[in-house]
Amino acid sequence: MNTLSRRWLLLVLLWSPVAWSAAPAQGSLASHPDGAAIASGHHLATEAGMEILTKGGNAFDAAVAVSSTLAVVEPISSGLGGGGFFLLHDAATGKDVMLDARETAPQAANEAAFLDSKGELDRDRSVNGPWSAGIPGLPAALVELSGKHGKLPLRTSLGPAIRIATEGFPVYARMAKGYASRREVMERYPGTREVYLRNGKPIAEGDVFRQPELAATLTRLADQGFDGFYRGQTGKALLAGVKQAGGSWSAEELAGYRVKLREPIVFNYRDWKITTASPPSSGGIALAAMLQILEGWDLKSMDEAHRTHLVVEAMRRAYRDRTFFLGDPDFVQIPQKVLTSKDYAQGLRATIHPEKATPSDLLSGNPTPLEDDETTHFSIIDRDGNRVGATQTVNLLYGSGLIPKGTGVLLNNEMDDFALKPGTPNAFGVMGYAANAPKPGKRMLSSMTPTFMESPDKVVVLGTPGGSRIITMVLLGILGYDDGLTAQQVAALPRYHHQWLPDEISAETGALSVDTIKQLQAMGHKIDLPGDSAEGGRGSSHVWGNLQTVEWDRRSNVLSGGSDPRNPVGSAAVSAAASR
Ligand code: GLY
């Protein structure tokens, strides 16, 4: 048995995904969990977090371990070359904050930089290679998390990621399949070829994938903190690699990257206090609108068709507003108070017919961005009740495809989340507007929505990847918890989505019953079902998302985790042995 499989066996013996309980006296609520819970998109990342907890780390140290390990084992979804949002709850102070580690637009990347000689959007530039990449935020987030919130040295918390990058891990199907789909772009760049080709052949499922240069980059980050990535050897190699590939980043803007601390969006839905992502994520504001619209009805007593109709109508209205009002709050004025108010939601609710779909073109405006399906999320509760919900990304599969030579760092292609040419569809057939136009130093609008839910006796952390569908998946997850589902049931929930334009409900196979589909169609809804692409529809032949959630029931003091069954390498673990 090799080291990896021995370690895995040991961890399986130590941790169980089943709940751990040491119930408090009857009628009272536990003040802290009797263990810890982590759910993430790769079992090695979940294990890395548990390892750091057993070394005496808290949820924030564990988050550094999970996030950096995902950067190693899920390059398809996130990494040091990307960014993310980290929603943090400090149990000692009771405070919540969102650590915004979203990428920023480089100085050279204005709208003109993405137009070809005919003035059209240069699609290759916006999603492939150096121009598609924003200045990465994730390494700065790891330094901030460890230094300001953690108990262990950064070197310790980055230890599992460095070890796995050095020793390697088995390539899984999604990783190999994703590589095949991005191969042409990735193999343009010598730094990427060095990492992904073995004797000229691309990585294949089951290969052990080692990343010694990424291990060295992580080690410099561990030893030197911020400067270990944004300046010095790594910084220079990043600048040189971007330049060699035809792009343009300056040393000042790389070293000038800063994470931002943002106040989360907070609102109530029925018995739940919801704490969620604020701009430059669009998720929290959209969730507040949708849930406060839906609060006006008793969804639990409705048949599936009427419930789906009302949820879809709430989605439609929230996504319309997302298009016009949301962008980087440091650059655009967002009417956040209005958009998240109960009065505004009540007004929107009044425009919803209980039996009829509202055609989207009756709601003024133009199409909204549809984003990609990649990205990754993890959820953590530690034994003190600290929480982390983090969604991180490099945008599309394997980001820009560009690894600057000698760094092992795959750069994001997050620039495509900007509205690069107003009125012109991006890679996903969508438009963008002024609030989300690129400007030097600006953060591109995101849908990433890490979220906390708190009821009088429950605490939940949840989130998922999935582009613009992230927000509606989190919405369905919140409704699922409110219906009394378990964490694993919430992670497995079938999904449907509406984003105002295109004016259609898309749904996973089996998400809506035949009878519900018929009733929805009779109400005037268009439904894009798997297979429809053959008939001219977009089709929804793939499943969506990768929801990772943990729940703490304070009445029974039971911790549980839910890991999306759509992702065979994800895992949720609950530990009674983790230290505080
Ligand atoms: N790139 C996906 C998002 O930030 O929403």
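In each ligand, atom 1 is the first atom listed, and ligand 1 is the first ligand listed.
- Contact analysis puts R102 in contact with ligand 1, with a non-hydrogen atom separation below 4.0 angstrom.
- In this structure, F114 has its ring center no closer than 6.0 Å to that of F418.
- Closest to atom 4 (O) of ligand 1 by heavy atom, among S446, S281, G84, is S446.
- Without hydrogens or angle criteria, S563 side chain to A39 main chain gives no donor-acceptor distance under 3.5 Å.
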| said: Working note: R102 + D328, criterion salt bridge (Lys or Arg N to Asp or Glu O under 4.0 Å); need CA distance, chi angles, decisive distance, verdict. | reply: CA-CA 10 Å; R102 186 70 163 159; D328 182 343; over 6 Å; no
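- When heavy-atom distances to ligand 1 are checked against a 4.0 Å cut-off, M444 has no atom that comes that close, whether in backbone or side chain.
- Side chains of R322 and S447: a donor on one and an acceptor on the other come within 3.5 Å.
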